[in-house]
Amino acid sequence: MALILAYRERGLTRDITIKDAAGDTIVPGKNDQVRVMIGRQGDDMLLTVSSDAPTANGSTLTKATATTANRLRLDAQDLVFSQGTYTMFIDYFDVADANEWKNIDRQVFVLEESENINA
């Protein structure tokens, strides 16, 4: 588990590696999907980004290839919820394996207030 620090109304780009139980890197297939959800367990998620389509504000999750990791890019306009500590859930949908979403990792996601850099 890692700590991901982000700032309100500032974009963030992060590479995400998906590994199986043996520690081998998984490269999603053509019809597989990856998604990231930020929120608190038991509450509605504050932000969901899927490799299927960008958010309305332009946040994207690009699936990995043989030479690149999954790349999460959060747009500043999607990082407008209250500052605090949340969980980042990373899920994987493998169409060849039971056609269901599987939670593969959780990260600590801290959203802090942006400092005024022009002061």
**Student:** Roughly how far, to the nearest 0.5 Å, is CD1 of I38 from CG of L111?
**Tutor:**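 These two atoms lie 8.5 Å from each other.
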
**Student:** Please enumerate all residues that pass side chain to side chain contact (heavy atoms under 4.5 Å, CB included) together with S82, with sequence neighbours excluded.
**Tutor:**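 With neighbours one apart ignored, the set is Y86.
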
**Student:** For a quick test of reading the model, state the closest non-hydrogen atom pair linking A76 to G11 and the distance between them.
**Tutor:**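 Of all heavy-atom pairs spanning A76 and G11, the closest is CB-N, 3.7 Å.
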
**Student:** Test of understanding: with salt bridge (Lys or Arg N to Asp or Glu O under 4.0 Å), list the residues that count as partners of R40, not counting sequence neighbours.
**Tutor:**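 Result, salt bridge (Lys or Arg N to Asp or Glu O under 4.0 Å) vs R40: none returned.
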
**Student:** Considering only residues two or more places apart or on different chains, which pairs with a residue in residues 54-72 satisfy salt bridge (Lys or Arg N to Asp or Glu O under 4.0 Å)?
**Tutor:**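 Output for this query lists D15-R71.
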
**Student:** Would you mind reporting whether T48 and V36 have side-chain heavy atoms less than 4.5 Å apart?
**Tutor:**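 A side-chain contact under 4.5 Å is absent here.
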
**Student:** Listed by chain and number, what are the side chain to side chain contact (heavy atoms under 4.5 Å, CB included) partners of T55, not counting sequence neighbours?
**Tutor:**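 By the side chain to side chain contact (heavy atoms under 4.5 Å, CB included) rule, T55 matches L47, V49, N57, S59, D78.
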
**Student:** Could you list the donor-acceptor pairs under 3.5 angstrom formed between side-chain atoms of residues 2-9 and any protein atom two or more places apart in sequence or on another chain?
**Tutor:**
unit_1 : atom_1 : unit_2 : atom_2 : d
R8     : NE     : E113   : OE1    : 3.2
R8     : NE     : E113   : OE2    : 3.2
R8     : NH1    : V80    : O      : 2.5
R8     : NH1    : F81    : O      : 2.7

**Student:** Once side chain to side chain contact (heavy atoms under 4.5 Å, CB included) is applied, do any residues pair with V95, and if so which ones, sequence neighbours excluded?
**Tutor:**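 Here the qualifying residues are N31, D32, F93, N99.
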
**Student:** Taking the side chain from T65 and the backbone from T67, do they hold a donor-acceptor pair closer than 3.5 Å?
**Tutor:**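 The answer is yes, because a donor-acceptor pair under 3.5 Å joins these two groups.
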
**Student:** When clusters are formed by joining ILVMFWY residues with side-chain heavy atoms under 4.5 Å apart, either directly or through shared neighbours, do L72 and V34 land in the same one?
**Tutor:**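 Shared cluster, yes.
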
**Student:** Only pairs at least two apart or in different chains count here, so list each salt bridge (Lys or Arg N to Asp or Glu O under 4.0 Å) that has a residue in residues 18-29.
**Tutor:**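 Qualifying pairs, neighbours excluded: none.
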
**Student:** To the closest 0.5 Å, what do you measure between CG (D75) and CZ (R10)?
**Tutor:**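 Separation between the atoms: 14.5 Å.
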
**Student:** Taking only residues two or more places apart in sequence, or in another chain, which ones meet D91 in a salt bridge (Lys or Arg N to Asp or Glu O under 4.0 Å)?
**Tutor:**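 Per chain and number, D91 pairs via salt bridge (Lys or Arg N to Asp or Glu O under 4.0 Å) with R35.
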
**Student:** Taking atom OG1 of T87 and atom CG of D105, what is their separation to the nearest 0.5 Å?
**Tutor:**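 These two atoms lie 11.0 Å from each other.
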
**Student:** Can you pull out every ring-ring contact (aromatic ring centres under 6.0 Å, His included) where at least one residue sits in residues 21-65? Sequence neighbours excluded, please.
**Tutor:**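 Non-adjacent pairs meeting ring-ring contact (aromatic ring centres under 6.0 Å, His included): zero.
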
**Student:** Using the test salt bridge (Lys or Arg N to Asp or Glu O under 4.0 Å), find all partners of D52 that sit at least two apart in sequence or belong to another chain.
**Tutor:**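 Here no residue qualifies.
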
**Student:** Side-chain contact test, heavy atoms from C-beta onward, threshold under 4.5 Å: evaluate it for I16 versus I90 and give yes or no.
**Tutor:**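 Yes, close enough: below the 4.5 Å cut-off.
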
**Student:** If you measure from CD1 on I104 to OH on Y92, what distance do you get to the nearest 0.5 Å?
**Tutor:**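 These two atoms lie 8.5 Å from each other.
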
**Student:** Taking side chain to side chain donor-acceptor pair (under 3.5 Å) as the definition, give me every residue that meets it alongside Q41, ordered by chain and number, with sequence neighbours left out.
**Tutor:**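 Partners of Q41 under the side chain to side chain donor-acceptor pair (under 3.5 Å) test: R106.
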
**Student:** Linking Ile, Leu, Val, Met, Phe, Trp and Tyr through side-chain heavy atoms less than 4.5 Å apart, which residues share a cluster with V27?
**Tutor:**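 Cluster partners of V27: none, it stands alone.
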
